[in-house]
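Written out below as C-alpha coordinates is the structure these notes cover.
Both counts, for ligands and for their atoms, begin at 1 and track the order of listing.
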Amino acid sequence: MDQLILIIEDNEQNMYLMTFLLEKNGYKVNQARTGKEGIRLALEVQPDAILLDIQLPELDGYGVAKALRNNHALKQVPIIAVTSYAMVGDKEQILAAGATGYIEKPINPNTFIQQLQEYLPPLPDNGRT
Ligand code: MN
(Lines give C-alpha, C1' and ligand atoms only; values in the text may rest on other atoms or scores of the structure.)
Protein backbone atom coordinates (compact mmCIF):
# COMPACT_ATOMS: atom_id res chain seq x y z
CA MET A 1 0.00 0.00 0.00
CA ASP A 2 1.32 3.45 -0.89
CA GLN A 3 2.32 5.67 1.98
CA LEU A 4 0.27 8.81 2.42
CA ILE A 5 2.00 12.10 3.13
CA LEU A 6 0.10 15.14 4.34
CA ILE A 7 1.67 18.46 3.32
CA ILE A 8 0.70 21.54 5.34
CA GLU A 9 2.13 24.49 3.42
CA ASP A 10 0.73 27.84 2.27
CA ASN A 11 3.39 28.63 -0.33
CA GLU A 12 2.18 27.35 -3.70
CA GLN A 13 5.65 26.90 -5.15
CA ASN A 14 6.80 24.73 -2.26
CA MET A 15 3.51 22.83 -2.26
CA TYR A 16 3.86 22.13 -5.96
CA LEU A 17 7.47 21.01 -5.72
CA MET A 18 7.00 18.70 -2.73
CA THR A 19 3.82 17.19 -4.22
CA PHE A 20 5.55 16.63 -7.56
CA LEU A 21 8.56 14.91 -5.99
CA LEU A 22 6.46 12.74 -3.69
CA GLU A 23 4.03 11.58 -6.39
CA LYS A 24 6.91 10.89 -8.76
CA ASN A 25 8.34 8.59 -6.09
CA GLY A 26 5.14 6.65 -5.53
CA TYR A 27 3.69 8.42 -2.51
CA LYS A 28 0.14 9.58 -2.14
CA VAL A 29 -0.27 13.22 -1.13
CA ASN A 30 -2.93 15.21 0.70
CA GLN A 31 -2.63 18.99 0.84
CA ALA A 32 -3.62 21.57 3.43
CA ARG A 33 -2.89 25.29 3.18
CA THR A 34 -3.67 26.49 6.70
CA GLY A 35 -2.79 25.15 10.12
CA LYS A 36 -6.37 24.40 11.06
CA GLU A 37 -7.09 22.63 7.79
CA GLY A 38 -3.93 20.59 8.36
CA ILE A 39 -5.08 19.38 11.76
CA ARG A 40 -8.54 18.57 10.44
CA LEU A 41 -7.13 16.57 7.52
CA ALA A 42 -4.55 14.79 9.69
CA LEU A 43 -7.33 13.48 11.91
CA GLU A 44 -9.43 12.48 8.92
CA VAL A 45 -6.83 10.69 6.78
CA GLN A 46 -4.30 9.47 9.40
CA PRO A 47 -1.25 10.03 7.18
CA ASP A 48 2.01 8.06 7.41
CA ALA A 49 3.92 11.33 7.81
CA ILE A 50 3.30 15.07 7.86
CA LEU A 51 5.40 17.76 6.19
CA LEU A 52 4.80 20.96 8.12
CA ASP A 53 5.60 24.55 7.19
CA ILE A 54 6.20 26.94 10.11
CA GLN A 55 4.65 30.18 8.88
CA LEU A 56 1.03 29.37 8.18
CA PRO A 57 -2.28 31.24 8.26
CA GLU A 58 -4.68 30.76 11.23
CA LEU A 59 -2.32 28.64 13.29
CA ASP A 60 1.45 28.41 12.82
CA GLY A 61 3.54 25.26 12.61
CA TYR A 62 4.36 25.28 16.33
CA GLY A 63 0.68 25.34 17.19
CA VAL A 64 -0.07 22.62 14.67
CA ALA A 65 2.70 20.35 15.99
CA LYS A 66 1.50 20.79 19.57
CA ALA A 67 -2.10 20.10 18.64
CA LEU A 68 -1.17 16.95 16.73
CA ARG A 69 0.95 15.63 19.60
CA ASN A 70 -1.90 16.23 22.02
CA ASN A 71 -4.11 14.01 19.94
CA HIS A 72 -3.88 10.35 20.86
CA ALA A 73 -4.34 9.08 17.30
CA LEU A 74 -1.53 11.26 15.99
CA LYS A 75 1.02 10.98 18.78
CA GLN A 76 3.33 8.69 16.80
CA VAL A 77 3.07 10.11 13.29
CA PRO A 78 6.38 11.54 12.01
CA ILE A 79 6.13 15.32 11.72
CA ILE A 80 8.85 16.80 9.54
CA ALA A 81 9.09 20.57 9.73
CA VAL A 82 10.08 22.42 6.58
CA THR A 83 12.11 25.33 7.88
CA SER A 84 13.85 28.29 6.31
CA TYR A 85 17.61 28.05 6.45
CA ALA A 86 17.84 31.60 7.76
CA MET A 87 15.51 31.13 10.69
CA VAL A 88 17.91 30.43 13.54
CA GLY A 89 16.05 29.09 16.56
CA ASP A 90 13.18 27.69 14.50
CA LYS A 91 14.58 24.19 14.57
CA GLU A 92 14.91 23.94 18.33
CA GLN A 93 11.47 25.46 18.78
CA ILE A 94 9.73 23.15 16.34
CA LEU A 95 11.40 20.07 17.83
CA ALA A 96 10.29 21.23 21.27
CA ALA A 97 6.75 21.61 19.90
CA GLY A 98 6.74 17.94 18.89
CA ALA A 99 8.28 17.68 15.43
CA THR A 100 10.31 14.56 14.68
CA GLY A 101 12.85 16.39 12.52
CA TYR A 102 13.19 19.01 9.86
CA ILE A 103 14.12 19.60 6.24
CA GLU A 104 15.59 22.93 5.26
CA LYS A 105 14.19 25.27 2.65
CA PRO A 106 14.85 25.82 -0.13
CA ILE A 107 13.82 22.25 -1.01
CA ASN A 108 16.59 20.42 -2.81
CA PRO A 109 14.87 18.19 -5.39
CA ASN A 110 17.88 15.85 -5.50
CA THR A 111 17.85 15.02 -1.79
CA PHE A 112 14.29 15.75 -0.63
CA ILE A 113 12.92 12.18 -0.83
CA GLN A 114 15.98 10.72 0.87
CA GLN A 115 15.72 13.33 3.65
CA LEU A 116 12.07 12.49 4.15
CA GLN A 117 12.67 8.73 4.21
CA GLU A 118 14.95 9.10 7.21
CA TYR A 119 11.82 9.87 9.21
CA LEU A 120 9.38 7.43 7.62
CA PRO A 121 8.49 4.06 9.11
CA PRO A 122 9.97 1.28 6.97
CA LEU A 123 7.62 -0.31 4.46
CA PRO A 124 6.20 -3.68 5.54
CA ASP A 125 7.65 -5.55 2.55
CA ASN A 126 11.07 -3.93 2.88
CA GLY A 127 10.75 -2.99 -0.75
CA ARG A 128 12.53 0.29 -0.25
CA THR A 129 16.03 0.24 1.14
MN1 MN B 1 4.45 29.51 4.91
Side-chain angles (χ1 to χ4, degrees):
M1 211 172 71
D2 293 338
Q3 286 182 309
L4 174 64
I5 313 296
L6 170 62
I7 307 176
I8 310 176
E9 166 68 86
D10 64 331
N11 177 283
E12 283 305 321
Q13 233 177 329
N14 285 330
M15 180 65 97
Y16 177 85
L17 180 57
M18 288 191 280
T19 300
F20 173 80
L21 293 169
L22 286 165
E23 288 182 343
K24 197 174 109 181
N25 283 275
Y27 294 96
K28 286 190 177 150
V29 174
N30 277 184
Q31 300 180 334
R33 289 175 171 78
T34 72
K36 285 184 183 171
E37 171 71 1
I39 293 169
R40 191 193 65 74
L41 252 186
L43 286 166
E44 185 187 317
V45 305
Q46 300 284 316
D48 294 290
I50 297 172
L51 284 160
L52 176 63
D53 183 29
I54 308 275
Q55 311 231 322
L56 288 165
E58 290 179 9
L59 184 65
D60 66 18
Y62 307 112
V64 173
K66 281 178 193 159
L68 295 176
R69 287 304 181 224
N70 282 329
N71 188 287
H72 184 69
L74 295 168
K75 260 188 163 52
Q76 305 295 333
V77 65
I79 300 173
I80 302 98
V82 186
T83 64
S84 294
Y85 179 70
M87 293 294 178
V88 180
D90 266 15
K91 296 176 186 101
E92 291 72 19
Q93 263 194 70
I94 194 67
L95 293 176
T100 313
Y102 53 81
I103 294 175
E104 280 178 357
K105 288 184 195 176
I107 302 292
N108 181 341
N110 298 316
T111 58
F112 175 71
I113 295 296
Q114 197 185 338
Q115 288 177 293
L116 172 68
Q117 284 173 348
E118 287 175 29
Y119 302 111
L120 287 179
L123 293 174
D125 64 357
N126 288 326
R128 223 179 280 258
T129 55

Review point. Under 4.5 Å between any side-chain heavy atoms of Arg33 and Glu12, yes or no?
Key: yes
Review point. Taking the side chain from Asp48 and the backbone from Leu4, do they hold a donor-acceptor pair closer than 3.5 Å?
Key: yes
Check your understanding: Within less than 2.8 Å of the Mn ion (ligand 1), any N, O or S from Asp10?
Key -> yes
Point to revise | Which atom of Asp53 approaches the Mn ion (ligand 1) most closely (N/O/S) | key: OD2
**Study point:** the Mn ion (ligand 1) contact by Gln55, N, O or S atom under 2.8 Å
**Key:** yes
Check your understanding: Does the distance from a Lys or Arg side-chain N to an Asp or Glu carboxylate O, for Asp53 and Lys105, drop under 4.0 Å?
Key -> yes
Practice item. Decide if atom OH of Tyr62 counts as having more than 12 heavy atoms of other residues, nucleotides or ligands within a radius under 6.0 Å. Key: yes
